Amino acid sequence: MDTNILVIGSGISGLTYAIKIAQQNPSLEVVMISKNTLLESNTRYAQGGIAVVSNFKEDSFDKHIKDTMIAGAGECDQDVVKFVVKEGHDRLQELIDWGTHFDKQKNGLHLTKEGGHSEKRIVHHKDKTGLEIQESLIKKIKTFSNISLLQNHTLVDLITDHHSGGNYKRCYGAYVISNLEQEIIKISAQITVLSTGGAGQLFSHTTNPENATGDGLGAAYRAKVFIKGLPFVQFHPTALYPKIKRNTFLISEAVRGEGGILRSLSGKRFMTEYHPKAELAPRDIVARSIAEVVNETGDDYVLLDCKAISEKEFQNQFPTIKENCQKVGINPPHDHIPVIPAAHYFCGGISVNHYGETKLKGLYAIGECSYTGLHGANRLASNSLLESLVFSHRAAINSIDQMKETLPPRDFYLKLPEWKEEHYFSNEKISAIGRIKKQLQNLMTTKVGIFKTSIGLIEAEVELKNIFLETQDIYLQNKLTLGICELRNMVSVAYLMIKQSQDLKQNKGVFYNQDYVE
Ligand SMILES: Cc1cc2nc3c(=O)[nH]c(=O)nc-3n(C[C@H](O)[C@H](O)[C@H](O)COP(=O)(O)OP(=O)(O)OC[C@H]3O[C@@H](n4cnc5c(N)ncnc54)[C@H](O)[C@@H]3O)c2cc1C
């Protein structure tokens with residue numbers, strides 16, 4: 001398969017980028033691949049909304065910039081923060097023009113306030129903003145005849161000069177596996193875009209879906225692209241404790257905002273002992289406090305007591321949370337909700353410039369898989385959807401400009417080598433994948449999770465080496481499958497996270513090494 005532009009991932013970033021390209025230049029062919037259905041993504045699960053300055057009477061760009069910089073704990077790139085905040089308004093309007101609905105009030109959009117924001121500036125669609133965005137973008141993208149959509153297709157590796165015996169200078173597309181037939185397809189492209197989202201699945205508890213395994217990061221790393229900021233993983237303090245499935249569901253901060261109280265299983269309110277703002281302390285502090293209580297008591301979770309919220313209020317404000325709790329037999333606000341901190345957002349990712357370009361020519365990275373400098377050491381709530389919108393736009397405009405430059409001729413792309421499966425000779429060890437994945441998740445949770453220590457990070461590196469060797473063995477001895485691809489990427493991202501965490505000598509933002517506490 002050969003195309004002008006290959007987009008890998010169909011969350012808010014990939015969809016927005018592809019729509020922009022198709023609108024601006026209908027003569028360009030775009031192929032978009034997605035690991036599962038077009039819908040399944042982190043975007044789909046976003047509840048809170050998008051942080052955009054729109055009430056200029058009380059709010060201002062300066063206030064939003066300041067809030068973002070404070071949250072980022074000195075690690076933000078100020079120029080990036082400035083243009084993202086300022087361009088947000090136009091990007092939001094485009095989303096509305098394309099058919100996304102946000103809640104309204106008398107004088108315009110209904111705005112909420114989230115932790116770390118000095119003003120009300122979160123635009124939202126009830127408590128399911130992400131689903132509304134995702135569904136409207138999917139509807140929009142299907143109207144373009146120059147975009148081909150390939151669901152259930154997974155990136156294996158980026159194609160670079162390396163595959164033809166050269167160095168890593170330019171990206172020429174990707175090798176992709178069809179999940180069902182398990183066939184490897186070569187998709188050559190003049191421009192390749194990674195929009196593969198986060199990697200919450202590295203940890204035992206995560207708000208991210210099963211497909212968030214850091215594939216874009218793993219593939220970029222193998223193509224020698226620089227990955228930055230991985231120690232900065234945001235853990236959401238209150239995710240539903242998963243009784244049945246491992247995947248959990250986010251219990252929004254707004255529930256605590258409306259009066260939800262955190263209690264240990266013995267019924268004791270504990271947040272008052274950790275922070276003057278108790279349950280409304282910054283996310284990282286609430287997450288650490290819950291983790292400490294769980295460690296001390298040996299319980300698996302703590303309880304969120306929602307009795308201060310009336311039945312009617314809860315139903316009105318949190319219909320999706322109520323529905324998801326009821327699915328597992330919990331009926332808030334009558335029943336306490338069992339909660340546990342869960343890996344939520346990767347502030348780090350593939351290092352890019354102001355236009356989403358990586359150092360590898362022809363390769364862009366946008367959205368959660370990228371590191372733009374906006375979030376620094378801690379993301380301000382609801383800034384990630386904003387970042388995705390702004391960088392997708394910038395990357396699309398820049399890509400169209402790139403296409404005007406002298407690129408290798410089209411027949412060069414057609415002659416790129418096919419995927420070589422030289423090493424496959426048995427399928428015996430494939431059943432070990434599930435066990436190794438669990439071992440990796442346990443390791444990352446206990447040694448590289450909310451609490452880290454310098455010794456723990458060294459132990460993690462040693463144990464990861466064994467996991468790597470076992471994974472490599474499976475990769476070399478088996479026909480490639482989706483499971484092998486994901487595990488290989490998770491191991492790479494874990495390795496980078498451990499090494500980068502060892503190099504950090506100071507606690508900042510969401511990074512917390514107990515040895516550095518004075
Ligand atoms: C529960 C939850 C609540 C959130 N709430 C908010 C919020 O209120 N506000 C906010 O700003 N942010 C929120 N976030 C974060 C935000 O949703 C994400 O950062 C954002 O949606 C990322 O968009 P994306 O397009 O970069 O990636 P995603 O939406 O994750 O999309 C990634 C896409 O890549 C595909 N993919 C992955 N690997 C491969 C592969 N190997 N091959 C092919 N395709 C692949 C996936 O299938 C998917 O289509 C929340 C996140 C979660 C999980």
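The figures here come from the full heavy-atom set of this structure, side chains too, leaving out hydrogens, waters and symmetry mates. The first residue of the sequence shown is numbered 1, and numbering continues consecutively from there. In each ligand, atom 1 is the first atom listed, and ligand 1 is the first ligand listed. Note that the coordinates shown come from a computational prediction; the quantities given were computed from them, not determined experimentally.
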From the options V30, L158, L150, I187, select the one residue that forms a side-chain contact (heavy atoms from CB on, under 4.5 Å) with L6. I187

Sub-4.0 Å atoms of ligand 1 with respect to non-hydrogen atoms of A46: 3 (C), 4 (C), 5 (N), 6 (C), 7 (C), 13 (C), 17 (O)

Carboxylate-amine/guanidinium contact E486 K35, below 4.0 Å: yes

If you count the atoms of ligand 1 from 1 in the order shown, which ones are under 4.0 Å from a heavy atom of N211? 46 (C), 47 (O)

With only distance considered, is S13 within less than 3.5 Å of ligand 1 through an N or O on each side? yes

Per-atom contacts, ligand 1 versus G197 - under 4.0 Å to a heavy atom: 27 (O), 30 (O), 32 (C)

Is there a nitrogen or oxygen of L386 sitting under 3.5 Å from a nitrogen or oxygen of ligand 1? no

If we ignore hydrogens and angles and just use 3.5 Å, is the side chain of D284 paired with the main-chain N or O of V510 as donor and acceptor? no

Among all the protein's non-hydrogen atoms, which is closest to atom 37 (C) of ligand 1, and how far away is it? T196 O, 3.3 Å

Below 4.0 Å from ligand 1: does a non-hydrogen atom of I12 turn up there or not? yes

Around atom 1 (C) of ligand 1, find the nearest protein heavy atom and jot down its residue, atom name and distance. Y45 O, 3.5 Å

Tell me, which protein residue and heavy-atom name are nearest atom 39 (C) of ligand 1, and how many Å apart are they? K35 CE, 3.6 Å

Only residue of I450, T207, I290 satisfying side-chain contact (heavy atoms from CB on, under 4.5 Å) with F235 is I450

Which of parallel (below 30°), tilted (30 to 60°) and perpendicular (above 60°) describes H162 and Y168? parallel

If the plane angle is over 60° it's perpendicular, under 30° parallel, otherwise tilted; pick one for F391 and F83. tilted

Is it the side chain (CB and beyond), the backbone, both or neither of K128 that lies under 4.0 Å from ligand 1, heavy atoms counted? neither

Residue, atom and distance of the protein heavy atom nearest atom 42 (N) of ligand 1 read L155 N, 2.8 Å

Let's go through T238 and E253 carefully: what are the C-alpha distance in whole Å and the side-chain angles of both, what is the deciding distance for side-chain hydrogen bond (donor to acceptor under 3.5 Å, both in side chains) to 0.1 Å, and is it a yes or a no? CA-CA 8 Å; T238 51; E253 200 167 290; over 6 Å; no

Return the residue, atom name and 0.1 Å-rounded distance of the protein heavy atom closest to atom 49 (O) of ligand 1. S10 N, 2.9 Å

Would a line drawn from the ring center of H236 to the ring center of Y345 be shorter than 6.0 Å? no

For ligand 1, which is the ligand I care about here, please tell me if G49 has any N or O atom under 3.5 Å from one of the ligand's N or O atoms. yes

Got the closest protein heavy atom to atom 29 (O) of ligand 1, with its distance? T43 OG1, 2.5 Å

Say whether N208 and ligand 1 are in contact under the criterion: heavy-atom distance to a ligand atom below 4.0 Å. yes

Within 4.0 Å of some non-hydrogen atom of G48, the atoms of ligand 1 are 8 (O)

Quick check on H344 - does any of its heavy atoms sit under 4.0 Å from an atom of ligand 1? yes

So which bit of Q47 gets within less than 4.0 Å of ligand 1, heavy atoms only: side chain, backbone, both or neither? backbone

Examine T37 against ligand 1 and note whether any of their N/O atoms are separated by less than 3.5 Å. no

Proximal ligand 1 atoms for G367, defined as those under 4.0 Å from one of its heavy atoms: 26 (O)

Report, as yes or no, whether the 6.0 Å neighbourhood of atom CZ on F314 holds more than 12 heavy atoms from other residues, nucleotides or ligands. yes

Count the heavy atoms of every other residue, nucleotide or ligand shown that sit under 6.0 Å from NZ of K128, and state whether that count exceeds 12. no

Any carboxylate oxygen within less than 4.0 angstrom of a Lys/Arg side-chain nitrogen, looking at E119 and K113? no

In terms of heavy-atom contacts, does NZ of K228 have more than 12 from other residues, nucleotides or ligands at under 6.0 Å? no

What part of P209 sits under 4.0 Å from ligand 1 if we count only heavy atoms: the side chain, the backbone, both or neither? neither

Among non-hydrogen protein atoms, atom 35 (C) of ligand 1 lies closest to G9 CA, 3.5 Å

Which residue holds the protein heavy atom closest to atom 16 (C) of ligand 1, what is that atom called, and what is the gap in Å? S384 OG, 3.9 Å

Heavy atoms only, cut-off 4.0 Å: how does H153 contact ligand 1, side chain, backbone, both, or neither? backbone

Ring-plane angle category for Y17 and Y364, please: parallel below 30°, perpendicular beyond 60°, tilted otherwise. tilted

Are any of the heavy atoms in R379 under 4.0 Å away from ligand 1? yes

If the cut-off is 4.0 Å to any non-hydrogen atom of E40, which atoms of ligand 1 fall inside it? 46 (C), 47 (O), 48 (C), 49 (O)

If you draw a 6.0 Å radius around OH in Y355, do more than 12 non-hydrogen atoms from other residues or ligands fall strictly inside? no

Heavy-atom proximity to atom 22 (C) of ligand 1 ranks first, among E368, H375, E486, for E368

Touching ligand 1 at all, G130? Heavy atoms, strictly under 4.0 Å? no

If we only count N/O pairs under 3.5 Å, is L385 in contact with ligand 1? yes

Residues R488 and D215 bridged, charged N to O under 4.0 Å: no

Considering all heavy atoms of both residues, which atom of H163 and which atom of I159 are nearest to each other, and what is their separation? ND1-CA, 3.6 Å

Can you list the atoms of ligand 1 that are under 4.0 Å from a heavy atom of Y345? 19 (O)

Just say parallel, tilted or perpendicular for the rings of F232 and F511, cut-offs at 30° and 60°. perpendicular

How does D215 reach ligand 1, if at all, at less than 4.0 Å between non-hydrogen atoms: by side chain, backbone, both, or neither? side chain

Any Lys/Arg nitrogen of D59 or K120 sitting under 4.0 Å from an Asp/Glu carboxylate oxygen of the other? no

Proximal ligand 1 atoms for I8, defined as those under 4.0 Å from one of its heavy atoms: 42 (N), 43 (C)

Does the pair E40 and Y45 meet the rule for a side-chain hydrogen bond (donor to acceptor under 3.5 Å, both in side chains), with working shown? CA-CA 9 Å; E40 189 61 340; Y45 297 97; 3.0 Å; yes

Select the closest option to atom 17 (O) of ligand 1 among I133, N42, L250, L38, judged by heavy-atom distance. N42

